[in-house]
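Below you'll find the structure, written out as structure tokens, and then a few comments.
Worth knowing before you read on, the calculation uses all heavy atoms, side chains too, and leaves out hydrogens, waters and symmetry mates. Residues take their numbers from the sequence shown, with the count starting at 1.
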Amino acid sequence: MKKFIETVVKNKEVFYLEVDESFAMCGSQAFYIEESKEAIPVALFWEDEKKAAACKADEWAKGIVKSATLEEFIEICFGMQVETMAVGIGFKADLSGGEEYIPTEIVKALIDEIERTKTPTTFSDSFESLAQVKEALQMIGE
């Protein structure tokens with residue numbers, strides 16, 4: 001996760017495949033809904049445009065490589081937390097090599113790296129500042 005977080009903060013951009021107006025997704029190998037034992041969905045993200053493009057295969061062959069800003073990605077992660085989804089990073093087209101995280105884990109790591117590197121952030125949607133993001137994390141008990 002370290003390389004992913006450092007690269008996303010440095011470049012202020014994350015990449016994903018848009019498939020049928022959604023993120024490229026797979027079922028979780030690590031997280032499931034307690035009551036139903038059903039795997040939760042994992043939305044996949046990459047720190048590098050080429051890695052995202054390399055996953056345009058099989059059911060994602062028609063996927064479109066898109067990007068989100070660092071700030072948009074933080075907001076996306078909050079939405080995924082609400083929707084009970086996981087964040088997948090570093091996956092290959094055959095779904096090997098990746099790691100799954102709870103969205104708030106990714107947000108915490110991003111905040112730590114933003115603060116460590118003193119990277120300026122400009123939010124424009126749900127949040128007005130990094131302080132607000134931190135407050136939101138505390139409110140959901142993270």
> Which is it for K51 and E47 under the salt bridge (Lys or Arg N to Asp or Glu O under 4.0 Å) test, yes or no, and what are the steps along the way?
Replying inline: CA-CA 8 Å; K51 289 178 183 175; E47 75 273 16; 3.0 Å; yes

>> I'd like to know whether CD of E128 has more than 12 heavy-atom contacts from other residues, nucleotides or ligands below 6.0 angstrom.
In response: no

>> I want to know whether F4 and F45 have ring centres closer than 6.0 Å.
In response: no

>> Count I, L, V, M, F, W, Y as connected when their side-chain heavy atoms are under 4.5 Å apart, and connections chain through other members. Are Y32 and V82 then in the same cluster?
In response: no

> Mind checking whether V65 and L17 have side chains closer than 4.5 Å, heavy atoms only?
Replying inline: yes

>> Between W46 and F91 (side chain of the first, backbone of the second, donor and acceptor by atom type, cut-off under 3.5 Å), is there such a pair?
In response: yes

>> Any donor-acceptor pair under 3.5 Å linking the side-chain atoms of E71 with those of T121?
In response: no

> Do NZ/NE/NH1/NH2 and the carboxylate oxygens of K2 and E6 come within less than 4.0 Å?
Replying inline: yes

> Can you check whether F123 reaches Q132 side chain to side chain, under 4.5 Å on heavy atoms?
Replying inline: no

>> For the backbone of G90 and the side chain of E99, can you confirm whether one donor and one acceptor N or O come within less than 3.5 Å of each other?
In response: no

>> If we ignore hydrogens and angles and just use 3.5 Å, is the side chain of T117 paired with the main-chain N or O of E113 as donor and acceptor?
In response: yes

> Given K66, which of E13, E72, E18 fulfils the salt bridge (Lys or Arg N to Asp or Glu O under 4.0 Å) condition?
Replying inline: E18

>> Within the supplied structure, the quantity of interest is the number of heavy atoms (other residues, nucleotides, ligands) at a distance under 6.0 Å from E38 CD; does it exceed 12?
In response: no

>> Minimum heavy-atom separation for V19 and G63, please, with both atom names.
In response: CG2-CA, 4.0 Å

>> Looking at D20, I want to see if its CG is surrounded by more than 12 non-hydrogen atoms of other residues, nucleotides or ligands under 6.0 Å.
In response: no

> Which value, rounded to the nearest 0.5 Å, describes the distance between Q138 atom CD and E135 atom CD?
Replying inline: 7.5 Å

> NZ/K56 to CD1/I64 distance, rounded to the nearest 0.5 angstrom?
Replying inline: 7.5 Å

> Same cluster or not: are I89 and F78 linked, directly or through other Ile, Leu, Val, Met, Phe, Trp or Tyr residues, by side-chain heavy atoms under 4.5 angstrom apart?
Replying inline: yes

> Can you name the nearest heavy-atom pair linking D48 to F15, along with the distance?
Replying inline: C-CD1, 3.7 Å

>> Using every non-hydrogen atom in the two residues, find where C26 and L44 come nearest and quote the distance to one decimal.
In response: SG-CD2, 4.1 Å

> Counting N and O atoms only, with roles assigned by atom type, does the side chain of K12 sit under 3.5 Å from a partner on the main chain of L70, one being a donor and the other an acceptor?
Replying inline: no

>> Looking at every heavy atom in both W60 and C55, which two are closest together, and how far apart are they?
In response: CE3-O, 3.5 Å

> Under 4.5 Å between any side-chain heavy atoms of I74 and I114, yes or no?
Replying inline: yes

> Within the side chain of E100, is there an N or O that forms a donor-acceptor pair under 3.5 Å with the backbone of Q29?
Replying inline: yes

>> Quick check: closest heavy atoms across M1 and A109, and the distance to 0.1 Å?
In response: SD-CB, 3.9 Å

> In terms of heavy-atom contacts, does NZ of K37 have more than 12 from other residues, nucleotides or ligands at under 6.0 Å?
Replying inline: yes

> Quick one: are Q81 and I102 in side-chain contact, heavy atoms under 4.5 Å?
Replying inline: yes

> Same hydrophobic cluster for V42 and F73, using side-chain heavy-atom links shorter than 4.5 Å among ILVMFWY?
Replying inline: no

> What's the shortest heavy-atom distance between P41 and M25, and which atoms?
Replying inline: CB-CE, 3.6 Å

> Out of curiosity, does I106 fall in the hydrophobic cluster containing L137 (side-chain heavy atoms, cut-off under 4.5 Å, transitive links)?
Replying inline: yes

> Is the closest basic N to carboxylate O distance between E105 and K108 below 4.0 Å?
Replying inline: no

>> So, taking the atom named CD1 in I33 and the one named CD1 in I40, what distance separates them when rounded to the nearest 0.5 Å?
In response: 7.0 Å

